[in-house]
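These numbers come from a predicted model, not from an experiment. Throughout, protein chains are lettered first and strands after them, A, B, ... in sequence-line order, and every chain is numbered starting at 1.
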Amino acid sequence: VNQQRQITTFFAKK
Amino acid sequence: MLELRLVQGSLLKKVLEAIKDLVTDANFDCSATGFSLQAMDSSHVALVSLLLRSEGFEHYRCDRNISMGMNLNNMAKMLKCAGNDDIITLKADDGSDTVTFMFESPTQDKISDFEMKLMDVDSEHLGIPEAEYHAIVRMPSTEFARICKDLSSIGDTVVISVTKEGVKFSTSGDIGTANVVCRQNTTVDKPEDATIVEMNEPVSLTFALRYFNSFTKGTPLSNTVTISLSSELPVVVEYKIAEMGHLRFYLAPKIEE
């Protein structure tokens with residue numbers, strides 16, 4: 001099953 | 001003091017129409033560079049990044065960096081009151097909790113001002129690293145919108161695959177499956193009608209179609225759209241805003257557990 005990732009998994013908080 | 005005069009006011013109207021359904025509240029940041037926004041949707045799956053460079057405004061005064069929290073639906077309501085040919089000026093005084101939108105008709109015979117309350121918006125700025133993408137597809141924005149709309153009547157997710165052959169959009173659902181292949185095509189009368197597929201490495205990624213359909217609300221901003229893909233990275237769907245900047249949508253992929 002494909003799980004939806006979140007943007008925050010890829011881009012860190014500044 | 002902030003005063004930004006945008007002769008082509010319709011651009012701002014189009015930007016708001018493109019993002020208001022994806023993001024509810026956001027901070028508009030104003031600096032010497034320009035007028036910008038970065039915001040995520042409520043589920044933190046998609047991110048919007050807008051830049052309108054200061055040089056693109058006829059008059060751009062921003063004495064110090066400020067961040068103005070706005071409800072995008074309310075802002076869109078106000079901008080809907082501007083005519084498509086109107087000049088739009090944004091004004092805010094230091095420390096004020098309101099922003100004023102002034103609309104001038106091209107012949108200067110009608111001038112309106114709308115004052116909107118600002119709000120505190122909690123937002124986290126994410127650092128978007130420069131990335132080398134495995135594949136970059138440029139195609140007519142209306143074609144991309146058509147594909148997203150068509151596929152979403154069949155399935156909920158789209159697999160975008162880029163190979164030497166071109167770019168393939170695939171979906172499947174209860175009623176069946178669909179594949180749309182777009183090949184590179186540069187033999188067109190107008191450059192904006194071309195489909196250009198730049199591939200460094202083949203790439204295949206799965207995304208939720210409903211977000212793509214939301215992104216295609218940016219179609220009126222540009223004749224072309226650029227889709228940048230890399231394995232296990234968010235896709236970037238970019239609409240260039242002529243001579244001013246861009247509206248970019250980032251969408252996290254679905255990845256097999």
* Sort and list the pairs that fulfil ring pair (Phe, Tyr, Trp, His ring centres under 6.0 Å) and have at least one residue in residues 149-171 of chain B, not counting sequence neighbours. =>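 Sorted result for residues 149-171 of chain B: empty, none.
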* Asked: With under 30° as parallel and over 60° as perpendicular, where do the rings of B/Phe144 and B/Phe212 fit, or are they tilted in between?
  ->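 Taking B/Phe212 first and then B/Phe144, their aromatic rings stand perpendicular (interplane angle over 60°).
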If you round to the nearest 0.5 Å, how far is [atom2] of [Y] from [atom1] of [X]?
{"X": "B/Ile160", "Y": "B/Leu229", "atom1": "CD1", "atom2": "CG", "answer": "5.5 Å"}
{"X": "B/Leu90", "Y": "B/Phe35", "atom1": "CG", "atom2": "CZ", "answer": "5.0 Å"}
{"X": "B/Leu251", "Y": "B/Leu205", "atom1": "CG", "atom2": "CG", "answer": "10.0 Å"}

* Using side-chain contact (heavy atoms from CB on, under 4.5 Å) as the criterion, list what pairs up with B/Ala39, not counting sequence neighbours. =>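 Once residues adjacent in sequence are excluded, the partners of B/Ala39 under the side-chain contact (heavy atoms from CB on, under 4.5 Å) criterion are B/Val23, B/Ala26, B/Leu37.
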What are the atom names and distances for all donor-acceptor pairs below 3.5 Å between chain A and chain B?
| from | atom 1 | to | atom 2 | distance (Å) |
| --- | --- | --- | --- | --- |
| A/Val1 | O | B/Glu257 | N | 3.3 |
| A/Asn2 | OD1 | B/Glu256 | N | 3.3 |
| A/Gln3 | N | B/Ile255 | O | 2.9 |
| A/Gln3 | O | B/Ile255 | N | 2.8 |
| A/Gln4 | NE2 | B/Ala252 | O | 2.9 |
| A/Arg5 | N | B/Pro253 | O | 3.2 |
| A/Arg5 | NH2 | B/Glu257 | OE1 | 2.9 |
| A/Gln6 | NE2 | B/Ser43 | O | 2.8 |
| A/Ile7 | N | B/His44 | O | 2.8 |
| A/Ala12 | O | B/Gly127 | N | 2.8 |
| A/Lys13 | NZ | B/Glu124 | OE1 | 3.3 |
| A/Lys14 | N | B/His125 | O | 2.7 |

